[in-house]
Amino acid sequence: MLAGLFVSAPAASAAVPDPSPALVHASTQNACKLNVRAGTDVGSPALTTLTCANYTTCVNAASAEQPCGPYIQGGGYTCVGANGSQVTDNRWAEVAWRAPERSYVAVACAAFRL
């Protein structure tokens, strides 16, 4: 007889899992072209050009307020922003294009998928 046998399930963890890194790609507002660069300025070598159909992964975890952040302040650039107007910005997001070498995309020109 198995009298006194007590089986319990582990308690559910209250910890929230870390968010996954976002994916980044080009936006339609910029003709589906987004350069991945070796540095945080437009003079840095372009490593590849992402389209609206191909993605790379952000190095930093995603958040609704700042996907792919925290961002890096670098050289200025201009492009068409999400609302269709011309944007001048200097924020860059690190991406995992050629890990472990660092690579970056211009935040205001990119589209993110969380």
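Counting only distance, with no hydrogens or angles, the side chain of Y71 and the backbone of P67 share a donor-acceptor pair below 3.5 Å.
Interatomic distance, L47 CG to E101 CD, rounded to the nearest 0.5 Å: 8.0 Å. Once rounded to the nearest 0.5 Å, the distance linking OG1 of T57 with CZ of R113 reads 9.5 Å. In this structure, CG in L23 is found 9.5 Å from SG in C68, a value given to the nearest 0.5 Å. E94 CD to R102 CZ: the interatomic distance, rounded to the nearest 0.5 Å, is 4.5 Å.
Between W92 and Y77, the ring center distance clears the sub-6.0 Å criterion.
Hydrophobic clustering (side-chain heavy atoms under 4.5 Å, transitive across Ile, Leu, Val, Met, Phe, Trp, Tyr) keeps Y55 apart from W97.
When side chains are defined from C-beta on, I72 counts as touching Y104, because their heavy atoms get closer than 4.5 Å. Using a 4.5 Å cut-off on side-chain heavy atoms (C-beta onward), P70 and N60 make contact.
Across all their heavy atoms, G43 and D41 have their closest contact at N-OD1, 2.8 Å.
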Run the side-chain donor-acceptor check on residues 25-39: report pairs under 3.5 Å with partners two or more places apart or on a different chain.
from	atom 1	to	atom 2	distance (Å)
S27	OG	Q29	OE1	3.3
S27	OG	N30	ND2	3.2
Q29	NE2	A82	O	3.0
N30	OD1	V80	N	3.0
N30	ND2	V80	O	2.8
N35	OD1	T49	OG1	2.8
R37	NH1	V42	O	3.2
R37	NH1	S44	O	2.7

